[in-house]
Structures are given as C-alpha cells and as structure tokens.
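By convention in this document, chain letters (A, B, ...) are assigned in the order of the sequence lines, proteins followed by strands, and residues within each chain are numbered from 1.
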Amino acid sequence: MSIVQKVKAILSRDEITSAKLRLQRRRRITNFLVQRMTLLRALLYVAGYTWLLLLPLPQLGRGIYIDENALQPGQVNTYWDWSNVHSADLYLGQLEELRDRNASKAERADFVRTELLKMGISSEVQPYTFALSTEVLTGQNAYGVLSAPRSSGTEAIVISASWISQRDGIETLNLRGVATILALAKFLKGYSLWAKDLIFVVTDDYMSGMHAFLSAYHDAVPNNLATPPLNVTSGVIWTALNIEYPGHSFSEIGIFHEGLNARLPNQDLINSFHVVSAHTGLVQVTLYDTLYGARPFTELRNLLPSVLKDHPIVDGYLRRARNILQHTSFQTLGKASGPHGLFHQYRIDAFTLYAIPAMGPHGFHAIGKIMESTLRTTNNLLERLHASLFFYIFTTSGTFLKIGAYLPSVICISIATMIAALQSWVNAGWQQIQTISVPDKKDKEDASSKEIVTLDALIQWTTRPRPVLLTIVVMLLSHGAMAVAWRIMSYSFFRQIPWLMYGSVGLLALSSLVLPVLLVEREILLSPAFQKTLKAFSLSLTSTVLSITSLLNFSLSAVLSIAFLPTNFPINANNKGLRTNELISHLVLASLGLILIDSQESVKDWELFGVWFAPFITIVYIPLFLQAALIPLINILYT
Amino acid sequence: MILSCDFLAAQAYSDRFTESLVIRPLEDGKVASLFTFTTLMAHASGRDPINDSEDKPQHYTIFPLSLGQILREYAITELHLTLNAGKWDYLHWGTPEDADVGSGAEMWAWMADGGADSIDSRWVGVRNAVSGLLCASLSSLSIQRTTSPLLAFPPLGDLPVIRPTNQTDASKQYHLRHASLPSEHVCTENLTPFLKLLPCKSSSGLASLLNPHKLFDADWHGMGVHVRWLERKGVEVKLTFQAVVDPVRYSPTHSRDASLGSMFDRAIEKPCPVAAESMIQVKSPTDAVFHLSPDAHMENGIAVYDLAEAEYPLDISLRWPAELSFNYLFSSVHTSAPIRVTRVLRDASQTHGRLTVSIINESNHTQYVAYLETVPWFIQFYLHTLRITVDGEPRPDLLHRLSYTPAIPHADPTVFEPIFTLPPLKALRFTMEVEKAFLRYTEHPPDAQRGWDLPPAVVLPIQNPDLPFPISPYKSQRIYTSTLLVDLPTPDFSMPYNVILMTSTLVALFFANIFNTLTRRFVWIQTAVA
C-alpha cells in the first residue's frame, strides 16, 4: 500500500472506527505502562537513592557567583588600621576585667551601653524574661543605633555578637566578638558614607537574647516573653552579620548560615562575603568549624584500600559529603546554626562569621577589614536581595548545589511512593480472576460487583467495594491520638515527669493500633480491600509529605525518604517471619522519632522559637508508621 | 492696563534682598546652620486667576525671573517646596530653625479658585514647572500622593481678596494642594539651580559659603523655597538652606571646635552688594568655657555679626578651649524639643502590619496636637482597631476630634487627622492595624523588592482644639516623623521564578492525564446497537 492510499484510508475512516482505534491505542499504551509499573517503581527508587548518594560529586555542583550587580564585593579601599586594632584590644581588656570579677548580666550590658553612648551612638539596655514550661531564661541585651548621615533611616544593617559562643555543645565567652563590635562601632561612626542605619547588638546568652531583641524590634513579642518596647529604633533591617570570635586568634573564617525551620539567607550575601574575605582580608573561608583542608571520616578512610584512601576524588567526595551531612543535621531538626538563624523569619538575610580558634595568623586586623568591606557591600543595596537564590546546598565554601541538582532525588522517591499508592488503590477495588469459566450466580447477583468482560476474554476483572470511610477513620484515629500526645508533651506538668509523659504517649500510640482491631470485624480487617485501601491512603499521604517537605526543608525530606522506605514494600499476608520483621521495624522507626525529639530538645525549640520539627514528627511522621504497622499486626493476630 | 503697567514699574525699584545665617551648636557636638535669603517684591501681588490675563508685561530686578514666571502662569498665591536629606533628630538637635524638615521632597501650594483652569490642572502645571526649575523629580508627585489636609499646612502669609467676590470670607476662595515624595534623593544637581535664584549667586555674601563638597557631606541638609504674599508688603520669596554638620567627625582629635572654614571649607571674602541687610547670628550656649572669635555684638545672648561692618575675610570660629575631645556623655548644651514623635510600621506579614505612634510630651503642662497621616492608597487603615494608651492604660478620651478621608484604590491617598490631648510628661501611644493592598503587576516600581516609602507624618501643636475647621489659624511649628518603608506583597520578578511558574503549570496540565492512566481501566462496554 502506498503512502497516499494509507493517508486516504485514514481520512476516510468514520467516527466510530477512529474512536475504536484511538481507544485501542490508548489501551495498548496503558497496558504497556501498567505491566511495567513495578519495574518503573524500582527504577525510580534506585534513581532517587543513587542520586542522594551522588550529591557530593563535583559534577553535580558548580562554583559560586554574584548575581546581584549592586553588591560589588571587595571593590572598596578599607580604612580599618592598627589604631582600630588597638582600640579593640583596649575594649577586650575591659571585657576581660568584667569576666574576671564575674560581673552580672546587668553590669556587662550597661558597660556596652555606656561605651556606645560615649561614641555618640543612641543606645539602650533591653532586659527580657522567657517563661518556658521547664525553665525561666533571663538576660540583658545592649544595643545602639548609629543613624546614617543624610539617610531617612528607613533601612538598617545589624552587626551583632552574642555574649556566649556555642559550638559542639561547648560554651565559651565571645569576648573578642563583642570587642570587635565595639571597636567597629567607634570606627564606622567616623564615616559619612553609610546609606543605611547601623544597629550594633550585643545579646545575652547564645540564642535567647537575639530572639528577645528581634521579637521586640518587630513588635512580635510572644506570650512567654516579657520585655519592654524598644525606645531606640530604626527602619527595616535588610541584612545582618553575626560575629563569633571565641579564641585569641583564628586561622580561617567559617560560615554558619542555617536558620530556624530550614530557612536560608540569600546566597548572594554569603558569596559576596566569600569574595571580600578572599580578596580584601586574605583569609580562607570555610564551611562550619572545620578547616578547609581538613580530612574528615578518618575511620572510614582507614577501611579503604590504600590506593583509594588518599585518592583526590575520594578525598573530595568525603569532604563534600561531610559538609552536606553537617547541613542536613541542622536542617532536619529545624535548628538554627547560630543566632543569625533567628533573622530569617523576618525576611532578613543573615549569617554567622565564625573565627575558627587557632594559634594564628589572623586577629582583629583581618576581621575588622573584612567586616568593613562586607558592610560597604551590603550598604550598596538599593533593594532587598531576591532573585530566588534561597535554595542551595553548599558543598564547600566555594561550590554549591543548585535546587535542580538536588531536588529530583527526593521527588523520584516521592513519585515511586505515589505509584505504589495508586497501584494499591487500583488493586483494592479491582480483582483479577484468571479463569475462563463463567462467574457463579451469587457474584452476578451482587449489586456491588459488576462483571466486565475484557476484550481478551481470558482475564476477567471484578470490582469490589473499597471501605474508604473506615480507612479514613482509622487514619484519623492515629493522627488524632498523636495530636493528643503532642498536647501532653507540651504541658509543663508532664514534661517534669518524663516516665509519665512517655508512658502516656506510648499508651496513646498503642490505643490507636488496638482500637481498630477490637472494634472492627475480623473479616473486614482481614479483607484485602481494607488493607490495600489503608496502604494506598497511607502511602499517598507519605508521598505528598515527601514532595511538600522537599521544598520547605530538603534535608528533612531526604531523611524521611530513607526512613519511609520499609513502608513501601507490598503487604505480606502469609510469610510470618517477614510480617513480624515489618511490625517491629515500623514500631522501631516510629519510636526513633520520639527519641530524636527527646535527645535534641525539640519541644523546647518549639516553645521558644516555633520550630515545627517536634509537632511534625508527632502528628505526621509517627502516625504514618502506626498505620503501616497496623496491617502486619492484624495479619499476625488473626492468622 | 496703563495703571497696572505703572504699578509694575513703580515696584521694580523697590525690590529688597536680605540674607541671614543662624548658627547653633547642638547637644551631640554637631552644629546646625540656617541660611535664609529673602527677596521682597514690594506692593506686588500674585495673579488673580479670574481677572488678570497671563500675558501682562512683567519686570523683575532682584526677584528671580524664572520663579516669578511660574507663579504668574499658574496664579499661585503661596508656594512651599522643601528638599531634605536625612532624618531630623528632635531628641538631640531640638526644634529646627526652619520647621519644614520632612525627609525627601515636600511641596504645597495655596491657590485661588476660579478662572479657566481648574485648581488641579494648575497644581499639575506648577509641579512640573518647579520640578524643571530645581531638577527634582517632583513630577512623580502624582494624584496618588496629593492631598488637602485641613490643619497642618495653614497659609503662612495673607490671602488677597479676589474681586468680584460673592463670598465674604477670603479664605474659602483658596484651596490647598499638598504632596510629598519621601524617596527623593537631594544632591548637588538641586543646589546649582537653587543658587541661580540668588542675586549674587554663590560668588559673594553668605551664599559663598554654600560649598557643595562640604554641604553634601553633612549629617543633615535641606533646601526650601517659600513664596507668600503679605498684605502691606508684597510678594516675598524666602530661599532657605539648612545643614547640620559634625565637627567631631572632621576633627582628628574628636573635638567639637568649629569655624566657617572647617564647616564650609570657605571664609566670606566680600559682602553681596545688593543685600540690604546681611547678618550672621550665633546662638551661643550659656557656657563660660565657650569662646567665640572674632568678637561680636551681643543681643539677648545671641552673637550678631553685620556683614556690612565686618572685616574680611570673615571666618567665625566657635571653640571650647577646656575640652581636648568632645565627651558625648557630659554635653553642656541641652536642646531637646518639647514634643517628640516616633512612628513605626512593623510587618507581621506581607499583607498585614501594625502602625505604632508614640507622641511624647516633654513639657509639664497639657498640650494639644493635631496629627496628620497621609499614606498612599495601598496602605489601608483599619480605623476600628485604633487603640490609644498612656503607660499601657487605654485612654480613648484623649482623642479630641478625628477627621478621616478613606483612600480610593489606585487613586487618592488616605488622610487621617486626629486631634489629641497630651497629658504632661507622658507618652501617648496609639496603634492601628493596616492592610497592604495587592498591586497590579504593572504598578510595581522597577526596584520592586525595595518596598514603598511612606511620607512622614506631621504633628502640629495647637492652642485651642475647639476652633472650627476648615482652614486653621494655627501657625505653630510642625514636627515631622521619620519616613517609613513597607513591604507589599511582591512577586519575585526574576527569571528562576518564571521558570518555576512555567514548570508548575506544565506539571499541572499533565497531572490529570497521568492520574487517569494510573487509576482507570479502559475497557469495551457493550451497549445496545441502535
């Protein structure tokens, strides 16, 4: 047949024939997909988890760059010199004297206020008290506002230091950080080029002081905080730099940028700091508190064959992996990696400069120069930093992963989970009967099951009702029980008696498992329709949670995508050993969530800073495992 | 016609130009100075929009021609324009010599009604003309920023009665138009045309001190053009330049000693020959260790120098010989203003916020103030959430009267004018919830992520709060608050944002197809053949 004839034949088709052909074609495609669905799922899982493992590869990342042209980092001459270093040393001497005579919080706040007033900077002390359910935090912040000449005072930059520096759980006094703030204030007052007000803040404690200051500044004082309104204020804060300088000298400057609830500052700010530090301050920038050239995972390296141990590719991979894991450990728990993390919720870009303690070579001279030049850069801004540079993972201080390079990993797993859910939903409602014989009369008369003859008469499909309402009630029961558990966990009465609190939480979790078993008929519980519908709903919720959290908090969703893997396996109705394993693994994973909340003080984070990790784990994560555990539990009890 | 020509000819020889400079040391070591250049066109009056034609012959000597033509063309009776940079610090700098210190550009005019052109078209015309005259971007003072407040901007001169009039009260024939642009940046391109309006330019007299290199390095500076009509005198144009400089910042030893040379980098070499009067006043603090040179003639504690009798070059210097460097904690000067205002707008979110204003009465007697808030339409006040407190206690009785004009979306601004009673030595604090409108995307400015600048609020102390509206007879000094910056709900506008939008749309389009394929089965269903 020639092509012309073919075309003619196609054109001359009547409506019914073409509809038939279209349906046939569609069915072929569908069948092709449906038959390979399990394979597709497996491929997606493999792709997703492999992608997660490949994240530290340099090929996925790229070098940092400056997107906002107004920033112009490192383009100015700096004037910070040794006389300013001398004044920083003098302030340090006075601060050390305060430390040595064990001065009270009020005394040292008053010292900072007086020093700022002496420079002609309007200044004030802010006392605050947080009344938490387990403890009471009090402190005194001192802050001052340097009004920029000729500016209307509508925009401001914050330069802050907390009294305490806290790394790896060890608290040291941030005396040199505070001294830097004071010397900078004195120095910066001498210039008329500031376009934005400069706010100098010395906060008490590590995190709570800054939280009190920002809450009062933004007129958003929570119920558990008592503090007077601020009298010395300025305009909208756009950027903030926080200094932690606990040692007596430093070798490199580490960047801490993770904020509460996995918020990040605009990457341009950190990138310009990187440029300034490298070109103006001549100080190596690194991530977190590990030196740039450090070789992490020594134990792991020792296990490798000697050829691989020091191979540059392996070494680079491990170093990047370490930084990503560090980032993940902050983000997953929603914790801020320093006082800067409190700024992000008010749309302020902020990060902490951590002067890594060492015997040398840098000191006040380098940090002052870098601060001056970075402030000049942020002073250039005419509008807020924007340009969607809020989604990134730093692999080293000079390279990062774009959102497009890391997001697909979790999305692949989320899609695979959703496919599993939909498969389960289809199988819950449709039953395949592989006989040629005519179905018996009883089934035919049943109004709810309708017989449909497929084209190839060998396979027959029958429908069965899905117990949707019952499934939703069972799911709501588990979420509801854990919501009650969350209320209990946030009550101060229960928090003072841990055994009572965890006992009741455990009881509530158990009741959400036992109640459906006791109240619902055995036949319904054992029916594949119920089990598959429950599995379908539970998995589709899991998939939705994964894809939503992947944007809000990528690290959390990556951890969840690994944790939720056991719930993805199909139901084992017969194999007893597998069933028991399944039940135990689900319950263990559920209780791991509780253990994490307890060990990381996540309930306190919620109370103080509104970190949603603890309520999320209690109300969403644990119930999903309870729902998954219900199916093997039923099968064990009744067969 | 002949009569009026004679009238103009007669007045031409009676123009009078006077200049003065007032220098005042401030509490925080800074020095405030105010230059005033006044030209009086004796026995002249503004054009009557009904009876006078625009093309009458005009003759000017000292009075600036370019300004005179604008006033005549648009028949402006009273015109005020200020271009200021910086935030006036009432706490440390006290009451300014020239009250109009609102940040950015501010312009208002009193105009007589009648004639062929409407008030609003003349307002647009004068705005554009003055904008060209002073190189300022006043043309963006659109209808969205124009208001007619009742109390805060009374006429400073007299208003001539227009003939024939069917109204007995002259004031009712006149209308006020006011607008302010807080984000205007004032710099040297505004000073050059300003100096051109002066008879001696900047070559002699006090104006020779107006050195842009020093002035635009000051902590605060502002220029003003004020035109008014005085009944027995004529049309007066007052050009002012006000600056606050910080000698402590310039001095290597951080001392507050100042001189004309250190503040303006110039001394006065010769007087302006056309100036009928040229004076420098130094408001010295009542402080024994304060030293002034050269010696001056003292009047009521104010040192006065007459440029007609001075020795040249004249460089006045203020010195505190006992001080090595300035100590901010123990300043001998006390300058705080009797009323201070702080105003903040904090954003709980991009759609809502709360306006908080504290008005502090520093004197020990009760005062009355008229407050004026004019904000563009995209900030909408929830008037029912107005809460007035003193020391945390609710005091709704302190609100004496309230006039409120709601905004018209995409057009007129809100005008909120309450009158408050201020108890002695207390801070009155009022809060109000605001809603921020969602703008059309073409309404966003090019730098959309900056936010929007809101004009300063104005507080006017008044003697008797019961006088009737509409035109207030109050001529006390206005107090300006700082300007505000608000974030409105703003799209990102950047490329990645658009990419995200497009991919999401595509995914949404494909979703139904994929979902169908996964959850449905396509089967033949036998139906009866027709």
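- Under 4.0 Å is where a charged nitrogen must lie from a carboxylate oxygen, and between Arg113(A) and Asp110(A) at least one such pair does.
- Taking Thr154(A), Thr233(A), Leu117(A) one by one and counting their heavy-atom pairs under 4.5 Å with chain B, the maximum is reached by Thr154(A).
- Looking at Ser151(A), only its backbone comes within 4.5 Å of chain B, counting heavy atoms on both sides.
- Residue contact with chain B, scored on non-hydrogen atoms closer than 4.5 Å, involves the side chain of Ser122(A) exclusively.
- Of the atoms belonging to Glu155(A), it is side-chain heavy atoms, and not backbone ones, that fall under 4.5 Å from chain B.
- Rounded to the nearest 0.5 Å, atoms CD (Glu106(B)) and OG1 (Thr82(B)) are 4.5 Å apart.
- With a threshold of 4.5 angstrom between heavy atoms, Asn84(B) does not approach chain A through any atom at all.
- Ring pair Tyr65(A)/Phe400(A) is tilted by interplanar angle, where 30° to 60° counts as tilted.
- Using bins of under 30°, 30° to 60° and over 60° for the plane-to-plane angle, the ring pair Phe241(B)/His221(B) lands in the parallel bin.
- The contact between His92(B) and chain A is made entirely by side chain atoms (from C-beta outward), counting heavy-atom distances below 4.5 Å.
- Of the atoms belonging to Asp67(A), not a single heavy atom falls under 4.5 Å from chain B.
- In this structure, the side chain of Arg249(B) does not engage the main chain of Tyr191(A) through any donor-acceptor pair within 3.5 Å.
- Proximity to chain A is absent for every atom of Asp28(B), based on heavy atoms less than 4.5 angstrom apart.
- Of the residues considered (Lys189(A), Met418(A), Lys118(A)), Lys118(A) shows the highest number of contacts with chain B, using heavy-atom pairs under 4.5 Å.
- Contacts of Arg429(B) with chain A are made by side-chain atoms alone, with heavy-atom separations under 4.5 Å and no backbone atom involved.
- Only the side chain of Asp487(B) comes within contact range of chain A, with heavy atoms under 4.5 Å apart.
- For Asp453(B) and Thr483(B), the side-chain atoms include no donor-acceptor pair closer than 3.5 Å.
- For Ala218(B), the part lying under 4.5 angstrom from a heavy atom of chain A is the backbone only.
- Heavy atoms closer than 4.5 Å to chain A are found in both the backbone and the side chain of Asp447(B).
- For Tyr250(B), no part sits under 4.5 Å from any heavy atom of chain A, backbone or side chain.
- Ring-centre distance between Tyr346(A) and Tyr217(A): not below the 6.0 Å cut-off.
- Summarising the geometry of Ala536(A) relative to Ser424(A), their closest heavy-atom pair is N-OG, 3.7 Å, with the distance given to 0.1 Å.
- Neither side chain, Thr431(B) nor Thr356(B), offers a donor N or O lying under 3.5 Å from an acceptor on the other.
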